[in-house]
Amino acid sequence: MSVYHTLRSSVVIGYMLSIAWVRRNLLSLVWLFATPFSILFLITVTSGGHAFVQATIGTILFVLATVGTGLAGDATWYRLEVKLQDLFVASPVSQMGYLLGIALNGLFFATPALVILLPVLVYLGLPLIDLPLVMLAVCAVWLFSATIGYIVSTYVTNLRNGWQSGLLLSVIVAVIPPAFYPAEILPPNILPIAYLMPTTHASLILRSFIGQTPELAYWSPAFGWTMLGVSLVVALLVMLRLARWRQP
Amino acid sequence: MVKVYHKSKTPALKKVSLTVNRGQIFTLLGRNGAGKTTFLRVAATQLLPSDGKVEVLGSDVVSEAAKIRKKIAVVPQEGNTIGPLTPWDHVYLTLLARGMTRADARDRTRKVLDQLEMTSYQSKPADTLSGGLRQRIRVAMAVATDAELLFLDEPTLGLDAISRRRIWSVLKDICREGRTILLTTHYIDEAEILSDNVAVINSGTLVTSGSPKELLSKVDERVRVDVTGDRFTEDDLARYGRPVRIAERWRVLTDNKRAGELTIEAVRRNCDVSVSPVSLEDLFVDLVGGEEENATMSGDEK
């Protein structure tokens, strides 16, 4: 399948599962706000407002990571209940087209949160000219998370495990790494482990755009971008190798 | 084709060998769990075979799946529709995702919804429609494609008699266009009416195959007599032909002369009795076992 057809089918699948859905079910856009904005609220209040910048960055990454890892549940539902994966396996749609489609669906549901939080980042000091790069960094986290969520979904055999896996993955990808808190507080021997997670680099990149360039061992924006790219490529390669498009 | 699922000791399919000719409706008939869906899913490149060679439209299902996938479409078994999407959305967007142009997708969506008598529901959210209408949406999503080969896994499951006939008519039209249909069902009347060829699968093994006419010729008897009640023993009935127990009744496969004698005797013993020609259902019961009432019920009876 050509790149054009892959992108076209992914946009159609994304539209099918998001915009066409939301047109008749507007309330579903609201649910995603609840958890990340609660965390933002709590961190801001308990820090007396000092941690608002870091909490905002964390919330943006949490939203993107959650809609991605949430695919562990959503894609399981599409596969086991709707049989959507079966439908598209036996069709010209490629696995990559399907993955991008269901991932775009998640991105759409994250849009309202981004529409609120990205202007907040600009208000906090992000130069407008850097906004596309910020979006590139957070989208890398989104696609990485979606790929991991999708891979897991292809192994899950019941829906409840799918949703639960999604929750667990979102903790691993977005809560444990230094997204909501500064990486500087991590012990030096833990830091290399945190570097394995793209969320860490996206968080540090966002901070450096706001003028809070972190001073960490071995870390630079170039290293951060490289690690973001590498983790995404590795996730996609693992997906192509291990995800069960056709069941064994 | 052989298929053994992971963590299963029993093969779901044991060396099943079948040929489906182009432009035909080929039906896999069997009880629940017989292996019909497994066969269909392997052929539709959704499931890997454990052993054997399967070619679809001249390509190997393992090494050339991408080639096959451009030319096929499926109705998966017991799937669901997507909540708030309308029948139009389901069909039109599926066609677009498969790579069809917007104009072609619009034309085909309009045509198939009309064929399946769904035009008046085309803008209603699927989750407000009945189960039968939702099943028709799923059939429409496959039928509307330009696929050369359609895999339909129990496409009329849960439909009323009129809806089933409407789908049969659409499938016949597809066949007249030179496209091929491989379908599974446990509705024997459906297999008999629709199919150019039928294969009966039981416990993962191919029991028999051929056209409905050829299969019927394999039954020695020409008439069946259904007798309700307990006033006959199996030995009593064996004198008139071959008795098979089906739920609360006995079915005796026999010839015209002995059917007449049994009917008279049944009336004398005050039993309900009916006489009819043997059907594919009788062959099916004969082949896969007469004790199972579910397997022998036709769609309309259900």
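Residue numbers start from 1 in every chain, and the chains themselves are labelled A, B, ... in the order their sequence lines are given, proteins ahead of strands.
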Undergrad: Rounded to the nearest 0.5 Å, what separates atom OG1 in B/Thr94 from atom CD1 in A/Ile13?
TA: 9.0 Å
Undergrad: At a heavy-atom distance under 4.5 Å, which candidate from B/Val75, B/Val42, B/Leu96, B/Ile68 has the highest pair count against chain A?
TA: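 Result: the option with the highest number of such pairs is B/Leu96.
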Undergrad: Counting distance only, does the side-chain N/O of B/Arg69 pair as donor-acceptor with the main-chain N or O of A/Ser94 below 3.5 Å?
TA: no
Undergrad: Between B/His90, B/Arg41, B/Met141, which residue shows the highest count of heavy-atom pairs closer than 4.5 Å to chain A?
TA: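 When all of B/His90, B/Arg41, B/Met141 are compared, B/Arg41 has the most.
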Undergrad: Using heavy-atom distances under 4.5 Å, tell me whether A/Leu80 contacts chain B through its side chain, its backbone, both, or neither.
TA: neither
Undergrad: Within a 6.0 Å radius of atom NZ on B/Lys172, are there more than 12 heavy atoms belonging to other residues, nucleotides or ligands?
TA: yes
Undergrad: In terms of heavy-atom proximity below 4.5 Å to chain B, should A/Phe88 be classed as side chain, backbone, both, or neither?
TA: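 Looking at A/Phe88, just its side chain touches chain B.
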Undergrad: Specify the closest pair of heavy atoms between A/Arg246 and B/Thr45, including all atoms of both residues, with the distance to one decimal.
TA: CD-O, 3.1 Å
Undergrad: Name the member of B/Ala147, B/Pro125, B/Pro84, B/Gly79 that forms the most heavy-atom pairs with chain A at distances under 4.5 Å.
TA: B/Pro84
Undergrad: Minimum heavy-atom separation for B/Gln77 to A/Lys83, with atom names?
TA: O-NZ, 2.7 Å
Undergrad: Show the nearest heavy-atom pair for residues B/Arg98 and A/Ala90, with the distance to one decimal.
TA: NH1-O, 3.8 Å
Undergrad: Do other residues, nucleotides or ligands put more than 12 heavy atoms under 6.0 Å from A/Tyr155 OH?
TA: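 Result for OH/A/Tyr155: enclosed.
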Undergrad: Which of the residues B/Thr86, B/Thr145, B/Leu85 is involved in the greatest number of heavy-atom pairs with chain A at under 4.5 angstrom?
TA: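 Option with the greatest count: B/Leu85.
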Undergrad: So which heavy atom on B/Ala97 is nearest to which on A/Ser9, and how close?
TA: O-CB, 3.1 Å
Undergrad: Please look at B/Lys71 and chain A and tell me whether the side chain, the backbone, both or neither of the residue comes under 4.5 angstrom of a heavy atom of that chain.
TA: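 For B/Lys71, there is no contact with chain A at all, as no heavy atom is under 4.5 Å.
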Undergrad: At their closest point, which heavy atom of A/Asp86 faces which heavy atom of B/Gln46, and how far apart are they?
TA: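 Looking at all heavy atoms of both residues, the shortest contact is O-NE2, 2.9 Å.
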Undergrad: Taking all atoms of both residues into account, what is the closest heavy-atom pair of A/Trp21 and B/Gly83, and its distance?
TA: CZ3-N, 4.1 Å
Undergrad: How many angstroms lie between CD in A/Glu81 and CD1 in B/Ile82, if you round to the nearest 0.5 Å?
TA: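 The distance works out to 12.5 Å.
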Undergrad: Tell me if the OH atom of A/Tyr15 is crowded by more than 12 foreign heavy atoms within 6.0 Å.
TA: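 For A/Tyr15, atom OH is crowded (more than 12 foreign heavy atoms under 6.0 Å).
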